[in-house]
Amino acid sequence: MNRRGFLCATGILTAGALTGCDGDGTPTVRVAAGEVGGFYHAFAELLARAAAGTVHIEPVTTTGSFANLALLDRGEVDAALALADSIDADPDRGRLLAIGRVYENYLQFVVRDASGIRSAAELRGARISLGAPGSGATFTGDRLLRAAGLEPGRDVEITHLALRDAVTALGDGFIDALLWAGGVPTPALDVPQALRLLDLGDLAQPMRDRFGYLYDRVTIPADAYPGAAAVRTIGVANLLVTTGALPTRAAAALTELLITRPDELVPAEAAGTQFLDVRSLIGTDGVPLHPGAVPVYRRHHG
């Protein structure tokens, strides 16, 4: 029995330790997810369900990428979901290790369907919610506006609201647009009945030219939101990251789940727009894989 197994068996491992154990010795991994109603949170809950009996996953509700990385840095969670550009901007990113690249996040700039705003450039003078405090959208949204030629705080009025609060504020006319970085469809967004997505496709290359390769032009397919037309936008990868403090056994168990049970880890409403693929799982944008993940990938795919 290794040291951690001994501590689990004897009850010496405290609740404040990085990774605990269930009574049967199953490791517990706290995963910083995101807002209820968002793809991060849904993914973490599905991961917990799929992991039952192998590793105990505890999803932790947060406001998004930067909040998740801060919790991981403080040792309050064991793993975190985060946008690749949020990770790239983290001054302590050298401590991070990846379990895998889990899916693509779609930038969704949302206006009221009756609004005359048709492009990001037409947001000049608008009141905009750029994600909740601590979310990756706050960072990516600032870059997006600059790529569109808009200076946040000067050309547009910025606020930061949680998704559901932003949707309410948009419907009530207190803001003119909101940015959400997440999977599609996001049930809280009533597209196309009351809300409409702006086409952001022309900003993908300016984003890459100015801020780096992490931004891809992607398309939200027609009927991803039932009845809505296809719309071009910008995709940013999501990574499931941790640190060297996560035990090898737990890292291996998480990796095994991503490889062997991918169909169980995508919310049913997002089937067809989101998926886990082993060819992309290891594309972690320069974040090295956790030592516990490496042999699992090798065992399955050489």
Side-chain angles (χ1 to χ4, degrees), residues 32-41 60-71 81-83 85-87 89-90 105-200 203 206-207 210-211 215 220 225 231 233-236 238:
E35 297 182 56
V36 174
F39 207 93
Y40 277 2
H41 202 276
V60 177
T61 302
T62 72
T63 56
S65 293
F66 281 103
N68 293 353
L69 294 172
L71 288 171
L81 290 159
L83 287 168
D85 62 342
S86 298
I87 292 170
D90 188 338
N105 234 338
Y106 294 79
L107 298 187
Q108 299 170 69
F109 234 131
V110 185
V111 297
R112 292 184 296 279
D113 186 54
S115 169
I117 298 171
R118 296 288 168 180
S119 68
E122 295 175 13
L123 289 166
R124 190 176 302 274
R127 299 158 297 176
I128 304 171
S129 174
L130 284 189
S135 70
T138 62
F139 178 76
T140 312
D142 182 271
R143 288 184 163 186
L144 182 67
L145 290 174
R146 293 179 191 279
L150 301 172
E151 181 73 24
R154 185 189 69 189
D155 298 321
V156 292
E157 180 183 334
I158 301 300
T159 189
H160 297 287
L161 300 172
L163 176 61
R164 295 185 185 280
D165 294 336
V167 170
T168 298
L170 182 60
D172 291 342
F174 291 114
I175 61 173
D176 302 300
L178 69 87
L179 180 67
W180 170 248
V184 295
T186 295
L189 300 177
D190 190 12
V191 175
Q193 283 69 32
L195 305 176
R196 174 167 44 83
L197 301 177
L198 298 181
D199 190 308
L200 304 176
L203 294 177
M207 288 277 281
R210 188 166 179 179
F211 302 114
Y215 304 104
I220 297 174
Y225 287 96
V231 62
T233 189
I234 296 167
V236 186
N238 288 284

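A 4.5 Å side-chain heavy-atom check between Leu197 and Thr233 finds every atom pair outside the cut-off. Put simply, the side chain of Ile158 reaches to within 4.5 Å of the side chain of Val156, judged on heavy atoms. By the 4.5 Å heavy-atom criterion applied to side chains, Leu170 and Arg112 are counted as neighbours. Residues Phe39 and Leu81 have side chains not in contact (no heavy-atom distance under 4.5 Å, counting atoms from C-beta outward). Using a 4.5 Å heavy-atom threshold, the side chains of Leu189 and Leu163 count as touching. When side chains are defined from C-beta on, Leu178 does not count as touching Ile128, because their heavy atoms never get closer than 4.5 Å. In this structure the side chain of Arg143 reaches within 4.5 angstrom of the side chain of Met207, judged on heavy atoms.
If you take CG on Leu71 and CZ on Phe66, they are separated by 13.5 Å, rounding to the nearest 0.5 Å. One finds the CG atom of Asp142 at 7.0 Å from the CZ atom of Phe211 (value rounded to the nearest 0.5 Å). Here the CG-OG1 distance, from Asp85 to Thr140, works out to 3.5 Å after rounding to the nearest 0.5 Å. Rounding to the nearest 0.5 angstrom, the gap separating the CG atom in Asp176 from the CD atom in Glu122 is 12.5 Å. For the atom pair OG (Ser119) and CG (Asp199), the distance works out to 9.0 Å, reported to the nearest 0.5 Å. With values rounded to the nearest 0.5 angstrom, Leu200 atom CG is found 8.0 Å from Leu179 atom CG.
The shortest non-hydrogen separation linking Ala67 to Thr62 is CB-CB, 4.4 Å. Nearest heavy atom pair, residue Ala148 against residue Ala120, reads CB-CB, 4.0 Å. Taking every heavy atom of both residues into account, Ala169 and Leu161 meet most closely at CB-CD1, 4.0 Å. Between Ala33 and His41, the closest heavy-atom pair is CB-CA, 3.9 Å. The two atoms that bring Gly37 and Thr186 nearest to each other are O-CG2, 3.8 Å, heavy atoms only. Taking all atoms of both residues into account, the shortest heavy-atom contact from Leu203 to Ala147 is CD2-O, 3.8 Å.
Between the side chain of Thr168 and the backbone N or O of Arg164, at least one donor-acceptor pair lies under 3.5 Å. Distance alone, capped at 3.5 Å, is enough to place a donor-acceptor pair between the His160 side chain and the Leu130 backbone. With Thr63 contributing its side chain and Pro133 its backbone, the two residues share a donor-acceptor pair below 3.5 Å. No donor-acceptor pair under 3.5 Å is formed between the side chain of Arg146 and the backbone N or O of Arg210. A donor-acceptor contact shorter than 3.5 Å is absent between the side chain of Arg127 and the backbone of Thr159.
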Stepwise, does the side chain to side chain donor-acceptor pair (under 3.5 Å) test hold for Ser65 with Tyr40?
CA-CA 9 Å; Ser65 293; Tyr40 277 2; 3.3 Å; yes
Evaluate the criterion side chain to side chain contact (heavy atoms under 4.5 Å, CB included) for residue pair Leu195 and Val111; output intermediate values, then yes/no.
CA-CA 6 Å; Leu195 305 176; Val111 297; over 6 Å; no
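Between Tyr225 and the choices Gln193, Arg196, Gln108, the side-chain hydrogen bond (donor to acceptor under 3.5 Å, both in side chains) rule is met once, by Gln108. Here the options are Leu145, Ile117, Val231, the test is side-chain contact (heavy atoms from CB on, under 4.5 Å), and the partner is Phe109; only Leu145 passes.
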